Amino acid sequence: MTLADLIRGRGPIKKIGVLGMGYVGIPAAALFADASQFSHVYGFQRDSPSSGYKIAMLNRGESPLKGEEPGLEDLLKKVVGAGKFACTPDFSKIAGLDAVTLSIQTPFANKDDLIPDFSALYEGIRNVGKYLRPGMLVVLESTITPGTTEGPARQMLEEESGLVAGKDFALAHAPERVMVGRLLRNIREHDRILGGIDPVSTARATELYSPVLTTGRVIPMSATAAEATKTAENTFRDLQIAAANELALYCEAMGINFYDVRTGIDSLKGEGITRAMLWPGAGVGGHCLTKDTYHLERGVQQLGKDQLDYPAGEPSLFVLARRINDFMPRHMLRLTREGLARVGTPLAGARIALLGWAFLANSDDTRNTPSEPYRDELLAAGAHVTLHDPYVEHAPGITLTPSIDETIRGADAVVVFAGHRQYRSLDPRQVKKLSGKKHPVVVDGRNLIDPDPWIAAGFVYKGIGRGDKNSHPVRD
Ligand code: SAJ
């Protein structure tokens, strides 16, 4: 009996399970449940102290995801109300399903030694393995090191189940490509990279994803190529941001405006000429760009170490890009220190209003926020820091001040770290009044404010990439 026979015997996919009720798993489960082709979807969530609360919320049709997620709450209410979706901690229910997907975080434990923390993912894979039945499909959606699907994931599923991948069950990698704030849209509209360990697995996974795609298409390839595609697309984005950051640092040093240079570079259009330059800023955060480079690096170390031909002794361009982006919060510290020094205020004892704790503009997502290393350095230097973020209610280890006026009151420096729309309309006269300082400092880490009205109001202005303004005469 071949896998194709087993799958034919099972018939079309009807019952689905999604492991990992987070930013990726919840919208994916809701969309599967909303598809008329499928009869029922289980969302699997461990009943742990930290995230067990999600089970009851989801079964009430409520989204535990904070922040604006257009359409998600309504869709959850609809599929729960229709009895097509339920959340459970009972993994034994996997035995009755046709397909299971895993969307579990894959952070790095040690970036220097390229050691990821796959503990949660492997626990999930073993839970699936325990209840795996012939003809079932298993799909890894988490971003993983190239070689994981064909390697450790396959081995664990076979060990736990006693079945053989590609013979008794189908296995594929279909990496998520979602961004907070537009989860449902991204799943429907982005093309779905799909890498089965064999053509039968790829075909079965295509059957799973096609019903939820609207404008998106399935792009089939091998499992390892799919893993490399996902890790590389984030690595390349990180590299593009690092290139913009390095150029911005150069422009500051040369006393010119990065944004003039960017407009100039961007103007070279025409066939074959793409100049998709990204934006410099106060840092790169989130769960993706901060680690996927290391998954790619680990992949080539594990799968291609002996074959790789690379200039001897030269660092990986991708890792260097990571280091440049990780440097930006330190550059923000330098701009803050220099700004204060212009008015004779040492960093020690200075009052800093830090605007923006989320890693992404107009979101509440604080994972690996670049604001944190900056805040830590300020505290280490003896400064007093007041934090504000219109989207983040609370976050571990910090106290947020809900009122922006109270955050700014008495501040020596106001530092914009996240590109939230609310900060775009800050009024320099109002901010100066609240700070009560003759020459408050403003540091713009996201090119949100026009420097001139602030300089005219007596501020010391500092901005990423603004070499044309960062040494302006201070107006009385
Ligand atoms: N950032 C810049 N300059 C830019 C763009 C972003 O400094 O020009 C900073 C942001 O402020 C943020 C960080 O980089 O701190 C990441 O921003 P992001 O826009 O890349 O957001 P992510 O990490 O949520 O989304 C990325 C996206 N990947 C790509 O576009 C290749 C998204 O499509 C992925 O789904 C997501 O990673 C993921 O889950 O992998």
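Whatever order the structure lists them in is the order used to number ligands and atoms, beginning at 1. Just so we're clear, the structure is a prediction, and the values are computed from it rather than from any experiment.
- Ring-plane geometry between F44 and F91 is classed as parallel, the angle between the planes falling under 30 degrees on a 0 to 90 degree scale with a further cut at 60.
- Numbered from 1 in the order shown, with element, the atoms of ligand 1 that lie under 4.0 Å from a heavy atom of G283 read 7 (O), 9 (C), 15 (O).
- Within the 4.0 Å heavy-atom shell around ligand 1 one does not find T143.
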Go through D191 and R217 one step at a time and tell me if the salt bridge (charged side-chain N to carboxylate O under 4.0 Å, His left out) criterion holds. CA-CA 5 Å; D191 291 341; R217 302 158 303 140; 2.5 Å; yes
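- Contact annotation: for H287 versus ligand 1, there are no heavy atoms closer than 4.0 Å.
- Contact annotation: M328 has no heavy atom less than 4.0 Å from any atom of ligand 1.
- Protein heavy atom in closest approach to atom 28 (N) of ligand 1: N234 OD1, 2.7 Å.
- The single protein non-hydrogen atom nearest to atom 7 (O) of ligand 1 is R446 NH1, 3.3 Å, given as residue, atom name and distance.
- Between N325 and A242, the shortest heavy-atom distance links the atoms OD1-CA, 3.1 Å.
- Of the protein's non-hydrogen atoms, the one nearest atom 16 (C) of ligand 1 is G285 O, 3.8 Å.
- Residues R466 and P451 are in side-chain contact: their nearest non-hydrogen atoms beyond the backbone lie under 4.5 Å apart.
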Tell me, with the steps shown, if D238 and R322 meet salt bridge (charged side-chain N to carboxylate O under 4.0 Å, His left out). CA-CA 7 Å; D238 198 47; R322 270 285 66 237; 2.7 Å; yes
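- Among T231, N234, T143, the one residue that satisfies the side chain to side chain contact (heavy atoms under 4.5 Å, CB included) test with L296 is T231.
- Looking only at protein heavy atoms, the nearest one to atom 19 (O) of ligand 1 is R237 NH2, 2.9 Å.
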